[in-house]
There are 2 protein chains.
Amino acid sequence: MRLAIDVMGGDQGPHAIIAGSAKAVVEHPGLEVILFGPRQQILAEISRLPQPLAAAASRLSARDASASIMPATTAAWALRRGHATSMAQMLRSVAEGEALAGVSAGNTAALVALSRRELGMIEGISRPAISTAIPARQGRRCYLLDLGANVDSPAHRLVDFALMGAAMAQCIDGTALPRVALLNVGAEATKGNASVREADRLLRQYASGQYASNSAFDYQGYAEGGDLFKGQLDVVVCDGFVGNAVLKASEGLTSMLVERVQMAFESRLSGRLASLLARPVLRRLKQELDPVRYNGASLLGLRGIVVKSHGSTHADGFYYAIQRALQEVEHNLPARIAGRWQAPSSDGDGARQP
Amino acid sequence: MRLAIDVMGGDQGPHAIIAGSAKAVVEHPGLEVILFGPRQQILAEISRLPQPLAAAASRLSARDASASIMPATTAAWALRRGHATSMAQMLRSVAEGEALAGVSAGNTAALVALSRRELGMIEGISRPAISTAIPARQGRRCYLLDLGANVDSPAHRLVDFALMGAAMAQCIDGTALPRVALLNVGAEATKGNASVREADRLLRQYASGQYASNSAFDYQGYAEGGDLFKGQLDVVVCDGFVGNAVLKASEGLTSMLVERVQMAFESRLSGRLASLLARPVLRRLKQELDPVRYNGASLLGLRGIVVKSHGSTHADGFYYAIQRALQEVEHNLPARIAGRWQAPSSDGDGARQP
């Protein structure tokens, strides 16, 4: 099993990404990792890995890429000039079958654009979507998509998101019949914009088996923002502008809340008691509730597996993004998604006809 | 000072709304409240008010309205058939100058539609926007609008939101030069949908004084979802679909987080210690961080003051919504907003010409 890793683009520099990769390699005996970026720097970082990470050195290799995608690079620039960057080289390694999946902490817009070009889309899907699992009540989680790869999503694209999200929940979490909902400003049929109302109509047709006998998800109609966290939905679908705003607001709110809880306890308890009682609880909570930083986000709809790690992630966060990529490899997620678009039904007429 | 209150539409029934109104009356010696709803029920509730709320009875009056707006009522139905409802009667009391402001915990879509018809819009503003103050770091707060009165907002409406939000921050919080930003999926100029990019262009013109010399806000460009909570912005503007999703997700997340913190502490501390230390801290935190439930949301752009209290609010929440209405009366918010659209500049050419 081989993965391709872009070491550039993370706010913490290649060091954190290489350390996270080494941790994954140490934990998975059959795993090899190709690191794309400035070769000398990568080799220097590998040689400085502390124990027990140093044991990974023989299964970490460096592939030289002197150029890299910058945080402010546009998708258009990446497509025109980004051919030699570490990100594009990493993606080609996946496209050519050298690696089974790729991971990058770099610029999302560039990663979406380059992934689409280098890997190509699954037939029937026009653009990638980004998804991550949001932690919900009772230890459950809910896949939210799109998180910003698409703004102004028309109805048929929202339907694509629903099918991809359902495949994700089935594949990664083993949910037999994922409960899928469409994000809206209220539960009533008259609410929302035209795309959402049309997507609702299409999803009801899918769920009733009008287009495919193996629709394989349970369409729940509209959901509101708060329903994401209730643990009663497996997939929530929305335009990328909305999903991005919700996800980033949730990250910001979690971080503020954890800080406030900490301050509140520290003002009531002695410093020592607070350290003993509150800090460990809060640290774990923050990790659990910061989905992208701790788990990465998947690019869906591609003919290959690409995971986006949070830009400001540390070694542990990058390690979790690699774990996600490995899970998707194990379950062959792209094939599962492709199956949704080409699934033969029992009556021989299961092709998707939106 | 007289307020008009719709006692119908709250999930807790008229009881909580009447108790919250009584609390406000007891606290404000000059305040009278007219309660709109089923007269017999209102009088019965007033007669059953416990001390010290019972002292409010002489300044609470009942105005009979046998019909009410239901949670699933559409705006169209409210406009066609809602004339005799408690909500419409309450709004007419404000429109006719009998009351200085109105408060309702009822159906938002109906409240927006009826407010617009009964009170009319400030010249130059086509539709009301809904706004509330989101708690941010360092005890600051940030007005977010729109929260769902408008979906698919074109650029000029986003500009209206910015001007109204700035007036709100100046008026209620005394912020001399409010820092206003436009919610987007990234800080780069190439990001976002067409309305947001066009609104950014218009707001840059406003801020540079091209249209009005007293633009009176400091335009900060794009913000991302997480910036809402950083305490560095006074107003964040977005389409109502996005704002509604962000606000409701924040409510749901806060409630889940507080529950998890509580569970985490209870599993580590003895029940008694947990009750003493954790519960009071968490209860206060939940109140601080649940803006709509605890403070209500303002309908802006109308020729009058209307506050929407959260549907599932208890007496205390309704009391805070009344407090917000009183603040807006005190600062004459509608006149301040109207001033933004008709402000004469020093060179006599300050009229808004977007």
Side-chain angles (χ1 to χ4, degrees), chain A residues 72 74-76 108-109 135-137 148 151-152 183-188 190-194 196 224-231 238-261 264-265 267-269 277-278 280-282 284-285 288-289, chain B residues 71-72 74-76 108-109 135-137 148 151-152 183-188 190-194 196 224-231 238-261 264-265 268-269 277-278 280-282 284-285 288-289:
Chain A
T74 62
T108 307
R137 277 205 162 76
V151 296
D152 292 324
L183 194 64
N184 201 353
V185 294
E188 299 81 18
T190 53
K191 296 227 167 146
N193 57 35
V196 166
E224 296 187 272
D227 296 328
L228 277 169
F229 305 99
K230 287 190 180 154
C238 60
D239 172 55
F241 193 109
V242 180
N244 189 280
V246 165
L247 183 77
K248 287 181 177 160
S250 300
E251 286 179 2
L253 177 58
T254 300
S255 147
M256 181 185 75
L257 271 160
V258 168
E259 205 175 83
R260 283 213 186 179
V261 173
F265 279 102
S267 71
R268 289 186 145 235
L269 307 174
L277 296 174
V281 170
L282 295 173
R284 220 192 51 203
L285 206 72
E288 280 175 22
L289 294 167
Chain B
T74 63
T108 307
R137 278 205 161 75
V151 296
D152 292 323
L183 193 63
N184 201 351
V185 295
E188 299 82 19
T190 54
K191 297 230 167 144
N193 56 35
V196 166
E224 296 187 88
D227 296 329
L228 276 168
F229 305 99
K230 288 189 179 153
C238 61
D239 170 55
F241 194 109
V242 180
N244 188 281
V246 165
L247 182 77
K248 287 182 178 161
S250 300
E251 287 178 1
L253 177 58
T254 301
S255 148
M256 181 184 75
L257 272 160
V258 168
E259 203 174 84
R260 282 211 187 183
V261 173
F265 278 102
R268 288 187 147 239
L269 306 175
L277 296 173
V281 170
L282 294 174
R284 220 192 53 205
L285 205 74
E288 278 175 24
L289 294 167

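A note on names: the letters A, B, ... follow the listed sequences, proteins ahead of strands, and every chain is numbered from 1. All values below were derived from every heavy atom in this structure, side-chain atoms included, with hydrogens, water molecules and symmetry-related copies excluded.
- Among A:V151, A:D227, A:V258, the residue making the largest number of heavy-atom pairs under 4.5 Å with chain B is A:V151.
- Interface remark: B:S255 contributes backbone and side-chain atoms alike to the contact with chain A (heavy atom separation under 4.5 Å).
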Show your working on side chain to side chain contact (heavy atoms under 4.5 Å, CB included) between A:E259 and B:R137 and close with a plain yes or no.
CA-CA 9 Å; A:E259 205 175 83; B:R137 278 205 161 75; 2.8 Å; yes
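- B:A194 touches chain A through its backbone: at least one of N, CA, C or O sits under 4.5 Å from a heavy atom, while the side chain does not.
- Note: A:G252 leads A:G186, A:G252, A:A76, A:A109 in heavy-atom pairs under 4.5 Å with chain B.
- Taking CZ of B:F229 as the reference point, atom NZ of A:K248 lies at 14.0 Å (rounded to 0.5 Å).
- Each of A:V185, A:N184, A:L183 was compared with B:N244 under the side chain to side chain contact (heavy atoms under 4.5 Å, CB included) criterion, and only A:V185 meets it.
- Across every non-hydrogen atom of A:L228 and B:A249, the tightest pair is CD1-CB, 4.4 Å.
- Taking CG of B:L257 as the reference point, atom CG of A:L257 lies at 5.0 Å (rounded to 0.5 Å).
- The contact between B:S250 and chain A is made by backbone and side chain atoms together, counting heavy-atom distances below 4.5 Å.
- In this structure, the side chains of B:V196 and A:F241 come closer than 4.5 Å at one or more pairs of heavy atoms.
- Atom OG1 of B:T254 is separated from atom CE of A:M256 by 7.0 Å, given to the nearest 0.5 angstrom.
- Among B:A75, B:A136, B:P71, the residue making the largest number of heavy-atom pairs under 4.5 Å with chain A is B:A136.
- Smallest separation of non-hydrogen atoms from B:A245 and A:V242: CB-CG1, 3.7 Å.
- If you tally non-hydrogen atom pairs under 4.5 Å between each of B:N193, B:V246, B:T74, B:L253 and chain A, the highest count goes to B:L253.
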